[in-house]
Amino acid sequence: MQFLKQGQRSFMGSLVLELQRDALNPEISVLVLLRKALVVARKLNIQEFQQWVEKELNGYPGRSYLPQYRFMFGDLKARNPY
């Protein structure tokens, strides 16, 4: 954050701390966290992180590009009492 002026540095520091605090708060939605993360990524000019957040918010361009954590595996089970 050397390229930021003093006032900007304190703002970004507080925004990053707020993002960290919110990430630990179970009442804060993932959508809100991603939006704040996007602001931080843009302000700090972290391109790779910004692209990832934008894909998480707006969707991935194709199934072949989906990260592995987006896939779920399991057995479907149901119970019919009748």
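Numbers here simply count residues along the sequence, with the first being 1. Hydrogens, waters and symmetry mates are skipped; everything else that's a heavy atom, side chains included, is used.
- A continuous path of hydrophobic side-chain contacts links Val30 to Tyr60 [ILVMFWY only; heavy atoms under 4.5 Å].
- Listed by first then second residue, pairs satisfying side chain to side chain donor-acceptor pair (under 3.5 Å) with a partner in residues 70-80 read Glu56-Arg70, not counting sequence neighbours.
- Here the CG-CG distance, from Leu38 to Leu33, works out to 12.5 Å after rounding to the nearest 0.5 Å.
- Listed by first then second residue, pairs satisfying salt bridge (charged side-chain N to carboxylate O under 4.0 Å, His left out) with a partner in residues 29-41 read Glu18-Lys36, Asp22-Lys36, not counting sequence neighbours.
- Annotation: side chain of Ile46 is not in contact with side chain of Gln50 (no heavy-atom distance under 4.5 Å).
- By the side-chain contact (heavy atoms from CB on, under 4.5 Å) test, Glu48 is found to be paired with no residue, residues two or more places apart in sequence or in another chain being considered.
- Glu27 meets the side chain to side chain donor-acceptor pair (under 3.5 Å) test with no other residue; sequence neighbours excluded.
- Val40 and Leu31 fall within the same hydrophobic cluster, where Ile, Leu, Val, Met, Phe, Trp and Tyr residues are linked whenever their side-chain heavy atoms come under 4.5 Å apart, directly or through other members.
- Cluster membership check: Tyr69 shares its hydrophobic cluster with Leu57, using side-chain heavy-atom separations under 4.5 Å among Ile, Leu, Val, Met, Phe, Trp and Tyr.
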